[in-house]
Amino acid sequence: MIKVNLLDSVTERSASAAVVEEQVSNPKVRVWLIAVGVFAVLGLVMLIDFFGAASAHENAQAELTRQQQIAEQMAAINREQAELEKKINDINTRIDAIKKLRASQQGPVALLSDINTRIPSDPGFRLESIEQKNGELTITGQSPNEYAVTQFGRSLEFSSGLFQNVSIAAERKDAEINQADYSPAEGPLDLTIKPQVFKFEIKCKYSPVLPQPAAKQSASGNQTAPAGAAPANQVAQK
């Protein structure tokens, strides 16, 4: 049968507890214990702060990389936009140049066409020059008779405002005989007899793009001429 001496066990425990209390109550030991606890807490705080700072640095680095990629994409888009704007400006410049060229080409063609449609059918009627300067059109030519000149002037005058302020100056002169055009089959050429022709000069304003107002009807039932139409007595002969 085993016997245990409980008295000795209790005595040993009491002695150990007394030793521990004595060590704890010692100021030096207490300072060391506090220092160890403080350093342990500081180490734990520093460790947590280190891992937090490392994580924040990684997030900031990732955000910086993403922002740099966005900036590069925006720079590429801005370059493409600048190139497109330059191409559009070049195209608009070319279009304006083409429009100006067409306008400069169509102007004389339209003018000659409008004049040609009003030339009398008299075979001896011909134009010598057409000059447009400072908005004024000057037409010179000659005709074997005065009636063709008057007819041509009236056709310009009554053109619904296309030709405005028409004035005619005509003068009878001797026609120049070109011997190169003479054929011996026509008989002998008498240089003493010179045919008479009418030299004329017509001045007017050519307004192809000017809109013409419609004719208004007066209270008496008669139609009044448009404001831009020239009066009939503008044709003067000299």
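If you're wondering where the values come from, they're calculated on a predicted model, not measured in any experiment.
- A heavy-atom distance below 4.5 Å is found between the side chains of I202 and F152.
- Residue I130 comes nearest to L127 through the heavy atom pair CD1-CD1, 4.1 Å, listed as atom of the first residue, atom of the second, then distance.
- A distance of 12.0 Å separates CG of D49 from CG of L42, quoted to the nearest 0.5 Å.
- Using a 4.0 Å cut-off between a side-chain N of Lys or Arg and a carboxylate O of Asp or Glu, E83 and K86 do not qualify as a salt bridge.
- To the nearest 0.5 Å, atom OG1 of residue T138 and atom CD of residue Q132 are 9.5 Å apart.
- Distance CD1/I88 to CD1/I95: 10.5 Å, rounded to 0.5 Å.
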Next on the checklist: side-chain hydrogen bond (donor to acceptor under 3.5 Å, both in side chains) for Q69 and Q73? Distances and angles first, verdict last.
Outcome noted: CA-CA 6 Å; Q69 292 176 353; Q73 293 176 356; 5.7 Å; no
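- Annotation: the span from N59 atom CG to Q61 atom CD amounts to 10.5 Å, rounded to 0.5 Å.
- L47 and V38 are assigned to two separate hydrophobic clusters, defined by single-linkage of ILVMFWY side chains at heavy-atom distances under 4.5 Å.
- Scanning both residues, G153 and V166, for their nearest heavy atoms gives O-CG1, 4.0 Å.
- Contact of the F125 side chain with the V197 side chain is not registered, since no non-hydrogen atoms from C-beta on lie closer than 4.5 Å.
- Without hydrogens or angle criteria, T93 side chain to N89 main chain gives a donor-acceptor distance under 3.5 Å.
- Pairing each heavy atom of A148 with each of S143, the nearest pair is CB-OG, 3.3 Å.
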Next on the checklist: Under the criterion side-chain contact (heavy atoms from CB on, under 4.5 Å), I'd like the reasoning laid out for Y147 against D122: C-alpha separation, chi angles, the key distance, then a yes or no.
Outcome noted: CA-CA 10 Å; Y147 174 76; D122 192 336; over 6 Å; no
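- Separation of atoms CG (N165) and NZ (K203) is listed at 12.5 Å; rounding is to 0.5 Å.
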Checklist entry - Is there a side-chain contact (heavy atoms from CB on, under 4.5 Å) between T150 and F200 once you walk through the steps? => result CA-CA 10 Å; T150 305; F200 64 88; over 6 Å; no
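- A salt bridge does not link R172 to E146: none of the charged side-chain nitrogens sits closer than 4.0 Å to a carboxylate oxygen.
- Annotation: side chain of K173 is not in contact with side chain of Q142 (no heavy-atom distance under 4.5 Å).
- Side-chain N/O atoms of E72 and Q68 include no donor and acceptor closer than 3.5 Å.
- When all heavy atoms of L137 and Y206 are compared, the pair lying nearest together is CD2-CB, 4.3 Å.
- None of Q151, R118, Q164 except one satisfies the side chain to side chain contact (heavy atoms under 4.5 Å, CB included) rule with L156; the exception is R118.
- Taken from CG in L112 to OG1 in T117, the straight-line distance is 11.0 Å, to the nearest 0.5 Å.
- Residues I119 and N116 form a side-chain contact, since some pair of their non-hydrogen atoms from C-beta on lies under 4.5 Å apart.
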